[in-house]
Amino acid sequence: MANLRDRWADNADGTFYVDRTCIDCDACRRIAPAVFAEASDHSFVARQPADDAEKRRALMALVACPTGSIGTSPREDAGPGIEGFPETVEGNVSFCGFTSKDSFGAWSYLVERPAGNVLVDSPRAVTHLLRDFEVRGGIATLFLTHRDDVADHAAFRRRFSCERVLHEADRSRETADLERYLSGEDPVPLADDLLAIPTPGHTRGHAVLLYRDRYLFTGDHLAWSTRRNGLIAFRDACWYSWKEQTRSMERLLDYSFEWVLPGHGQWHRAESTGAMRRELERCVAWMKGV
Ligand code: SF4
C-alpha cells in the first residue's frame, strides 16, 4: 500500500500520488496515460484526473500496480478500478491487470474459448480475478511464456486444475512440477487454434503463443515501442542470447498475425497481416544491426 509520507515530490497536487516504492514498470503510464508520466526512474502523477473516466483509469492503474505504489489521499474507493479488469482488448481476448511484482509488472492475458479458456502468463491471483475467471468458465490452460512471468501459477493451478505449459529449458525449482513442458524449437499445436512457438533468446526457454493466426502473445520476446514507432526486442534485457533471439524473430516471419500482445512494452495491432509482416521484417533488420 502506498505511503503518503513517501510520495514523490514531482506528483501533481491532488488526490492521486505515486510513492518511492515504484519500480518504473510502465503499467500505470500505459493504463492511464492522461494521469501518469515518467521521470528518470519512476512514474509520477503528471496531472490529476479531470473527469470520471480519467479517474476510473487512474484507479485501474492503482489496482494493476505490482508494488502498490499508487495511493489516494483522501482515500478513494478502488472498486471501479477493480471492476475494470479483465479489460477487453478485442473480442474474447482481455488484459488481466493486477500485475505481479514477481514478474516486474508483466502483463497477462485471458483468452475465452469454448474449448477452454487460456491464461497467458500469470497475474496476481487476487480474489476478484479468481472469481471472475470462475464465472467465465475457469482456466483450462496456463501458458507461461518464460521463467520470469510465472508469478502465481501455483494458485491458478490449485483453483482451476489448469494445465500449465512452459518450455523445459526454462524449468526451475519453482516450476519443476508443471503438467506440460515444450522441448526443442519446433512449433507445438496445443489445439486447432493455439500454436506454441519456441523463441529462445530473451531466455533459453522462451516461447510465444499464436491464437487463431491473429493474436501473438509475445511475453518478453517482442513488443511495440512508441519511441521507435516500431516493433522491438529488449537488447538490455536479453538474458540468454541476442543472436538466438534475432534468429527466433526471423522465424516468426513464417507466421501470420495482426496483434502483438507482450508482457512488457506496448501492444500493437497492424492494419493487416501483411503490414505486421513488414513491421517484423523491419524489427529483424534492426536487431541484426544492434
Ligand atoms: S504501475 Fe506502479 S510500479 Fe509500475 S510504474 Fe506505475 S507506479 Fe511504478
Side-chain angles (χ1 to χ4, degrees), residues 1-50 53-87 89 94-110 120-126 128-129 145-146 148-152 202 218-220 223-228 232 234 236-237 261-267:
M1 188 179 291
N3 188 330
L4 188 59
R5 280 174 301 185
D6 290 335
R7 81 195 283 278
W8 284 104
D10 45 13
N11 287 293
D13 287 343
T15 305
F16 284 82
Y17 65 91
V18 176
D19 78 8
R20 290 175 181 275
T21 59
C22 168
I23 58 172
D24 200 18
C25 76
D26 192 34
C28 59
R29 302 191 296 265
R30 289 165 60 196
I31 294 167
V35 172
F36 298 95
E38 184 176 17
S40 57
D41 61 355
H42 64 275
S43 287
F44 66 102
V45 174
R47 176 170 69 71
Q48 294 293 329
E54 287 189 4
K55 184 173 163 185
R56 180 171 172 275
R57 298 302 302 181
L59 289 170
M60 288 173 69
L62 184 151
V63 301
C65 175
T67 45
S69 305
I70 300 171
T72 53
S73 178
R75 193 155 180 185
E76 289 280 346
D77 172 17
I82 293 170
E83 294 302 323
F85 295 116
E87 181 187 30
V89 176
S94 303
F95 162 47
C96 297
F98 298 97
T99 68
S100 172
K101 188 178 180 182
D102 293 340
S103 50
F104 200 77
W107 287 27
S108 55
Y109 301 91
L110 174 70
V120 181
D121 289 327
S122 172
R124 264 177 287 144
V126 295
H128 171 75
L129 280 186
T145 56
H146 66 298
D148 300 335
D149 293 352
V150 301
D152 290 344
H202 172 74
T218 54
D220 285 359
W224 183 263
S225 164
T226 47
R227 201 168 295 169
R228 280 201 71 245
I232 58 159
F234 300 109
D236 295 339
L261 294 160
H264 294 287
Q266 304 275 344
W267 65 41

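Order of appearance sets the numbers: ligands from 1, and atoms from 1 within every ligand. Bear in mind that the values here come from a model prediction, so they are computed numbers and not experimental data.
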Within the supplied structure, the quantity of interest is the number of heavy atoms (other residues, nucleotides, ligands) at a distance under 6.0 Å from Asp41 CG; does it exceed 12?
yes

Parallel, tilted or perpendicular: rings of His42 and Trp8 (30°, 60°)
parallel

Sequence neighbours excluded, every pair satisfying side chain to side chain donor-acceptor pair (under 3.5 Å) that has a member inside residues 99-109
none

Considering the heavy atoms of Asp26, write down every atom of ligand 1 situated less than 4.0 Å from one of them.
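In order of number, 4 (Fe), 5 (S).
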
At their closest point, which heavy atom of Cys96 faces which heavy atom of Leu129, and how far apart are they?
O-CD2, 3.7 Å

I want to check something: taking the side chain as every heavy atom from C-beta on, are Phe104 and Asp148 in contact at a cut-off of under 4.5 Å?
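No, their side chains stay 4.5 Å or more apart.
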
Output the distance between atom CZ (Arg7) and atom CZ (Phe16), rounded to the nearest 0.5 Å.
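Arg7 atom CZ to Phe16 atom CZ measures 12.5 Å (nearest 0.5 Å).
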
Sphere of radius 2.8 Å around atom 2 (Fe) of ligand 1 - protein N, O or S atoms inside:
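Near atom 2 (Fe) of ligand 1, below 2.8 Å, one finds Cys65 SG.
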
